[in-house]
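What you see below is based on every heavy atom in this structure, not just the backbone, and it leaves out hydrogens, waters and symmetry mates.
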Amino acid sequence: MKLKLDLHPIFNDSRKIEEALYGVIDEAVEKRATEVEIIPGKGSGALKKSVVRFLERPDVKSRYHRMEKDGDNWGRLFVHFRHDRSDSEGKPKAASALTLISAPCAGCGDEISTAAPELESPGSIRAINVVCPWCGSPNRLSLRRDRRGVVHVLAALDYPEA
């Protein structure tokens with residue numbers, strides 16, 4: 001099975017682009033698709049670069065086998081999936097819902113988005129490290145879930161101590 005995502009209709013909305021990319025990767029894993037064709041278009045190449053940066057994030061890259069750029073049409077990318085045969089045996093796995101969190105980068109101020117890790121209980125705090133896809137600054141995102149289940153995010157620069 002092959003899936004296709006055309007980004008032309010949402011090319012200027014980075015949040016919708018990221019949601020669409022997460023959605024097609026989730027769908028490919030859930031439906032055990034072998035390939036996803038992503039069409040950022042030719043244009044200036046900025047959208048294609050941001051899609052490639054998205055696909056190279058560790059949380060996304062772990063979900064697919066390899067990515068290739070189309071040699072004939074440079075406005076198209078292919079993401080290939082390899083599914084283990086053992087996954088198809090037995091009961092189907094429950095799909096985990098990904099919660100997207102976003103915060104402004106402490107370096108450049110642009111929006112950083114990533115999948116939120118599970119938070120054990122209300123009031124629990126968890127810190128994750130995220131590199132800004134725009135300026136490359138290391139950010140430490142502190143996540144806290146309140147009693148209503150809302151996740152609050154605070155971004156701070158995270159430079160290694162010498």
Measure from the side-chain N and O atoms of [X] to the backbone N and O of [Y], and report whether any donor-acceptor pair falls under 3.5 Å.
{"X": "Y64", "Y": "L55", "value": "yes"}
{"X": "D110", "Y": "P104", "value": "no"}
{"X": "T34", "Y": "M1", "value": "yes"}

Got a list of side-chain donor-acceptor pairs under 3.5 Å for residues 41-49, not counting sequence neighbours?
residue, atom, partner, partner atom, Å
S44, OG, A46, N, 3.4
K48, NZ, W74, O, 2.8

Notebook entry, point to check: Rounded to the nearest 0.5 Å, what separation is found between the CG atom of N139 and the CG atom of N129?
Noted result: 9.0 Å
Check: When rounded to the nearest 0.5 angstrom, what is the spacing between CD in E19 and CG in D13?
Finding: 8.0 Å
Checklist line | All salt bridge (charged side-chain N to carboxylate O under 4.0 Å, His left out) counterparts of E111, not counting sequence neighbours | finding: R15
Checklist line | Set of salt bridge (charged side-chain N to carboxylate O under 4.0 Å, His left out) partners for K16, sequence neighbours left out | finding: none
Check: What about L141 and V131, same hydrophobic cluster or not, with Ile/Leu/Val/Met/Phe/Trp/Tyr joined at side-chain heavy-atom distances under 4.5 Å?
Finding: no
Note to self: Count I, L, V, M, F, W, Y as connected when their side-chain heavy atoms are under 4.5 Å apart, and connections chain through other members. Are I39 and I10 then in the same cluster?
What the structure shows: no
Note to self: Check E18 with R57, please: is the shortest side-chain N to carboxylate O separation under 4.0 Å?
What the structure shows: yes
Item checked: Heavy-atom closest pair, residues H80 and E35 -> CE1-OE1, 3.1 Å
